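In what follows, a single structure is set out as structure tokens and then discussed.
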Amino acid sequence: GFLACKPGNAPEEPKYEYDVYVAGYEGDKAILWKNGKATGLTDGKEDAAANSVFVASSDVYVAGREGYKAMLWKNGEATELSDGSKEARVRSVYVSGSDVYVAGWERKGDKNVAKLWKNGKATEQSDGKEDAAAFAVFVADGNVYVAGYEKEGDKQVAKLWKNGEATALTNGKREAVARSVFVIDGKVYVAGWEDGKATLWEDGVATELSDGKKEATACSVYVVRREAGKK
């Protein structure tokens with residue numbers, strides 16, 4: 001006969017529970033939803049919105065706006081990144097170690113300037129000569145990447161700033177914007193659009209994701225490593 005062997009006291013696989021965070025707005029209030037339960041980040045007296053959320057350890061960071069002010073909330077406690085005297089917007093927050101990065105833009109004169117806030121201190125990514133904006137920030141291997149655009153002449157040029165140094169992803173012949181950036185194994189992926197086509201740039205080399213028959217844009221990129229040959 002055959003004997004079936006039962007495993008001994010094999011350790012049970014760990015069981016997990018998941019907390020899901022969503023940033024947005026409801027009416028005039030900036031809202032953070034945790035597992036479907038809403039928490040108001042603002043009181044609704046001024047128009048506000050939450051645009052990005054990042055969780056590091058047990059701390060929850062939310063970037064957004066209230067009125068004209070660029071805002072960062074840490075565990076619900078607000079920090080004003082701008083003073084409200086000029087219109088400012090933020091679109092992305094990223095936490096690396098003890099450093100908190102927020103990307104967006106602020107009005108300067110009659111132009112918008114792309115900005116990066118690190119621990120509340122702002123650095124201009126663009127020179128303010130033409131309109132510009134930052135939509136995403138990502139930190140990898142000690143380098144800080146910011147994706148956005150800067151106008152050159154009458155066209156928006158998709159831009160990637162690495163540690164404040166700009167690289168043009170497009171040549172300025174057609175409108176283009178970089179909306180998202182992701183870095184893995186030293187490769188830099190940027191998603192956005194050029195001339196109405198959803199576009200992905202890998203280390204600066206563009207791939208059109210749509211055929212241009214309909215207007216399209218790529219809003220976010222995420223890369224996962226897998227073993228070669230496996231799906």
Side-chain angles (χ1 to χ4, degrees), residues 49-52 54 63-72 79-94 99-140 143-183 188-206 215-221:
N51 294 318
S52 180
F54 195 104
R65 64 173 179 83
E66 185 175 15
Y68 275 7
K69 296 176 183 177
M71 302 292 296
L72 175 70
T79 296
E80 296 177 356
L81 300 177
S82 64
D83 62 12
S85 61
K86 302 174 291 292
E87 186 175 7
R89 295 287 185 265
V90 293
R91 287 290 185 265
S92 179
V93 57
Y94 194 100
D99 294 321
V100 183
Y101 300 86
V102 178
W105 63 91
E106 187 172 14
R107 198 74 174 165
K108 185 177 182 180
D110 62 347
K111 309 294 183 185
N112 291 327
V113 178
K115 282 197 169 183
L116 176 70
W117 288 266
K118 178 182 177 182
N119 301 327
K121 184 179 179 180
T123 300
E124 294 183 355
Q125 303 295 288
S126 60
D127 59 16
K129 294 178 181 179
E130 297 289 349
D131 271 326
F135 290 99
V137 56
F138 194 97
V139 182
N143 296 309
V144 183
Y145 300 84
V146 176
Y149 80 86
E150 188 171 11
K151 207 165 184 182
E152 295 183 5
D154 61 346
K155 295 289 191 296
Q156 293 174 329
V157 175
K159 288 284 182 82
L160 177 71
W161 290 271
K162 179 181 178 182
N163 301 324
E165 184 175 343
T167 296
L169 300 174
T170 55
N171 59 17
K173 294 180 179 180
R174 297 172 294 275
E175 296 277 1
V177 172
R179 296 291 303 272
S180 177
V181 57
F182 193 99
V183 183
V188 183
Y189 298 83
V190 179
W193 59 269
E194 183 179 12
D195 196 29
K197 298 176 183 177
T199 304
L200 174 70
W201 292 270
E202 181 180 344
D203 288 336
V205 178
E215 188 173 344
T217 184
C219 296
S220 183
V221 58

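Note that the coordinates shown come from a computational prediction; the quantities given were computed from them, not determined experimentally.
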*Would you sort out whether Tyr149 and Val157 count as a side-chain contact (heavy atoms from CB on, under 4.5 Å), showing the intermediate values?*
CA-CA 5 Å; Tyr149 80 86; Val157 175; over 6 Å; no

*Mind running ring pair (Phe, Tyr, Trp, His ring centres under 6.0 Å) on Tyr101 and Tyr94 for me, showing each step along the way?*
CA-CA 5 Å; Tyr101 300 86; Tyr94 194 100; 7.4 Å; no

_Audit row: Val100, Val93, side-chain contact (heavy atoms from CB on, under 4.5 Å) steps and yes/no_ = CA-CA 7 Å; Val100 183; Val93 57; 4.0 Å; yes

*Please assess Phe182 against Tyr145 for the test side-chain contact (heavy atoms from CB on, under 4.5 Å), listing each intermediate value before the final yes or no.*
CA-CA 8 Å; Phe182 193 99; Tyr145 300 84; over 6 Å; no

*Is there a side-chain contact (heavy atoms from CB on, under 4.5 Å) between Tyr189 and Val183 once you walk through the steps?*
CA-CA 6 Å; Tyr189 298 83; Val183 183; over 6 Å; no

*Taking it one step at a time, do Lys159 and Glu152 satisfy salt bridge (Lys or Arg N to Asp or Glu O under 4.0 Å)?*
CA-CA 11 Å; Lys159 288 284 182 82; Glu152 295 183 5; 3.2 Å; yes

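Considering CD of Glu202 and CG of Leu200, their distance stands at 7.0 Å, rounded to 0.5 Å. Rounding to the nearest 0.5 angstrom, the gap separating the CZ atom in Arg65 from the CG atom in Asn51 is 7.5 Å. Ser126 contributes atom OG, which lies 12.0 Å from atom CH2 of Trp105 (distance to the nearest 0.5 angstrom). The CG atom of Asp195 sits 9.0 Å away from atom CD of Glu175, with the distance rounded to the nearest 0.5 Å. Between atom CD of residue Gln156 and atom NZ of residue Lys151 there is a gap of 6.5 Å, rounded to the nearest 0.5 Å. Atom CZ of Arg179 is separated from atom OG1 of Thr199 by 12.5 Å, given to the nearest 0.5 angstrom.
Residues satisfying the side-chain contact (heavy atoms from CB on, under 4.5 Å) test with Asp203, not counting sequence neighbours, are Lys187, Val188. Checked against side-chain hydrogen bond (donor to acceptor under 3.5 Å, both in side chains), Glu87 has the following partners two or more places apart in sequence or in another chain: Arg89.
The two residues Val146 and Ala134 make their nearest non-hydrogen contact at CG1-CB, 3.5 Å. For the pair Lys69 and Asp83, the tightest heavy-atom approach, listed with the atom from each and the gap, is CE-O, 3.7 Å. When all heavy atoms of Phe138 and Val181 are compared, the pair lying nearest together is CD1-O, 3.6 Å. For the residue pair Ala88 and Ser82, the shortest heavy atom distance occurs at CB-OG, 3.5 Å. The minimum heavy-atom distance linking Lys86 with Arg107 is given by the pair CD-O, 3.0 Å. When every heavy atom of Ala103 is checked against every heavy atom of Val137, the shortest pair comes out as CB-CB, 3.9 Å.
A salt bridge is defined here as a Lys NZ or Arg NE, NH1 or NH2 lying under 4.0 Å from an Asp or Glu carboxylate O, and Glu130 with Lys155 fails to meet this definition. Under a 4.0 Å N-O distance rule, the pair Lys108/Asp127 does not qualify as a salt bridge.
Checking side-chain atoms of Thr170 against main-chain N and O of Ala158 turns up a donor-acceptor pair under 3.5 Å.
Heavy-atom neighbours of Glu215 CD from other residues, nucleotides or ligands within 6.0 Å: at or below the threshold of 12.
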Scan the side chains in residues 161-169 for donor-acceptor partners under 3.5 Å anywhere in the protein, sequence neighbours excluded, and list what turns up.
residue	atom	partner	partner atom	Å
Trp161	NE1	Gln125	O	2.9
Asn163	OD1	Val144	N	2.9
Asn163	ND2	Asn143	OD1	3.0

